[in-house]
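Just below is one structure, and these are the notes that go with it.
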Amino acid sequence: MRILVANLGSTSLKWRLFRFADGGEELLHKGGFERVADYPRAIDDCLAALRRGGAIETEADVDAVGFKTIIARGVDGCVRLTDPVLAAMEAYNGLAPAHNPPYITGIRLFARRMPRTPLFGLFETAFYQWAPEAAKRYAVPDDWHQRGVRRWGFHGASHKYIAERSAQLLGRDDVARRARNLYLDGGTTPVRTPDLRVISCHLGGSSSVTGILNGVGVGNSLGMSPQSGLPHNNRVGDLDPFALGYVMRSAGLSLDQAETALCQASGLMGLSGGDNDIRDIESRAAEGNARARLALDVLIHEARRWIGGYYLQLNAIDALVFTAGIGENDPLVRDGICRNLDQLGLLLDPALNQSARGRETVISAPESRVRVLVIPANEELVVAREVKRQLDAAA
Ligand code: AMP
């Protein structure tokens, strides 16, 4: 069985093709295009690249296409992308303006280009379905709650991969199995004692922290929209809701203008005064630029605030995991986050931290009670596995 996972941006298309055979799984091909002007052509070019690379002979060899979809009203988990599901995604376009519209457009184009191939979406909110209600609830009037104003959480595919992989690395195959089966049985696969408690830090263009108990997400720093939680590259992170009305009135901004500023000119970009890539921010901070230094400090401070919350919620942790572009590659940010935590049982090994870039590594000191791990993100594999499960169930 071959499953294509497509990652859609407004001007980018990236993909990975997986083959599942005899209980094994294999990445057959990966590729992508940036600065896409003609999306239908980019899909043609993707399929041509798969044929050229020998990953498929004909398009009929692709059994399904999976998408890491973000959020839809009243829909969660891994589902077939039918017209009603796309309409439910459209209903939440305003919550995820940088994500939902390009996904909907791209999915419709894939449906037109490959009409006989089933398309599935694994929603990024799915990992938090079994989190305690108190971790998902905003203190708003009930009518708002009924309309969907709640802390949904995102980056579900990334944190689910970390839940499973960290358990394997910590010698807990029972917990890894529970994480793997989560969308099948809601976290009821039995596990041994003691509990396995992990905090996962997905730090990249978009960042979030998640607590994981025995393979199941107990909450996520992203709230109702992917603009919340930690500061992101251009997106704001947490903000007092009354700041919005205040700035609109005092600076004479429309709602659209204010939302655009929060999505495109905030986060690390707003803090640093123009840079949104952590590498550029660190170079400027090293040259003595105070705003660049502040951007780093805020990212680190906010990450620690969420880590602290989950540390208490979980009653200490066995492992802290770093993943995604910054988490996998940036010793300075990891060091800032792990500073001064010896009383919580966490000690980084400076040399291991410095050399860990983009590969699976332990970076804590041998005497550290909490293991600190770097695990490269593998969200597409999680999508492909869930799509396979759907195809198996339908067979
Ligand atoms: P992601 O959203 O996971 O693709 O992460 C993208 C972000 O990761 C970029 O904006 C950079 O800030 C950061 N990043 C990517 N590669 C590196 C690297 N080699 N060193 C430090 N940061 C990196």
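Just follow the structure's listing: the first ligand is 1, and inside any ligand the first atom is 1.
Comparing E379, E282, R279 by heavy-atom distance to atom 17 (C) of ligand 1, the nearest is R279. Across S206, G325, G358, P331, heavy-atom proximity to atom 3 (O) of ligand 1 is greatest for G325. Across the listed options I278, D280, N329, L332, I278 owns the non-hydrogen atom lying nearest to atom 12 (O) of ligand 1.
For atom 11 (C) of ligand 1, the closest non-hydrogen atom of the protein is D277 OD1, 3.4 Å.
For atom 1 (P) of ligand 1, a protein heavy-atom neighbour is found at a distance under 4.0 Å.
For the pair K388 and F18, the cation-pi criterion (under 6.0 Å, within 45° of the ring axis) is not fulfilled.
Contact atoms of ligand 1 toward G205: 1 (P), 2 (O), 5 (O), 6 (C), 7 (C) (distance under 4.0 Å to a heavy atom of the residue). Those atoms of ligand 1 that come under 4.0 Å of a heavy atom in I326, given as number and element, are 8 (O), 12 (O), 13 (C). Listed by number with element, the atoms of ligand 1 under 4.0 Å from a non-hydrogen atom of A324 are 3 (O).
There is no side-chain donor-acceptor pair under 3.5 Å between H29 and R16.
Using a 4.5 Å heavy-atom cutoff, the side chains of T210 and F127 are in contact.
With hydrogens and angles ignored, the 3.5 Å screen pairs no side-chain donor or acceptor of E282 with any backbone N or O of R279.
For the ring-ring contact (aromatic ring centres under 6.0 Å, His included) with F110, the lone residue among F67, Y103, F120 that qualifies is F67. Of the residues S158, S208, S207, the one that meets the side chain to side chain donor-acceptor pair (under 3.5 Å) test with H202 is S158.
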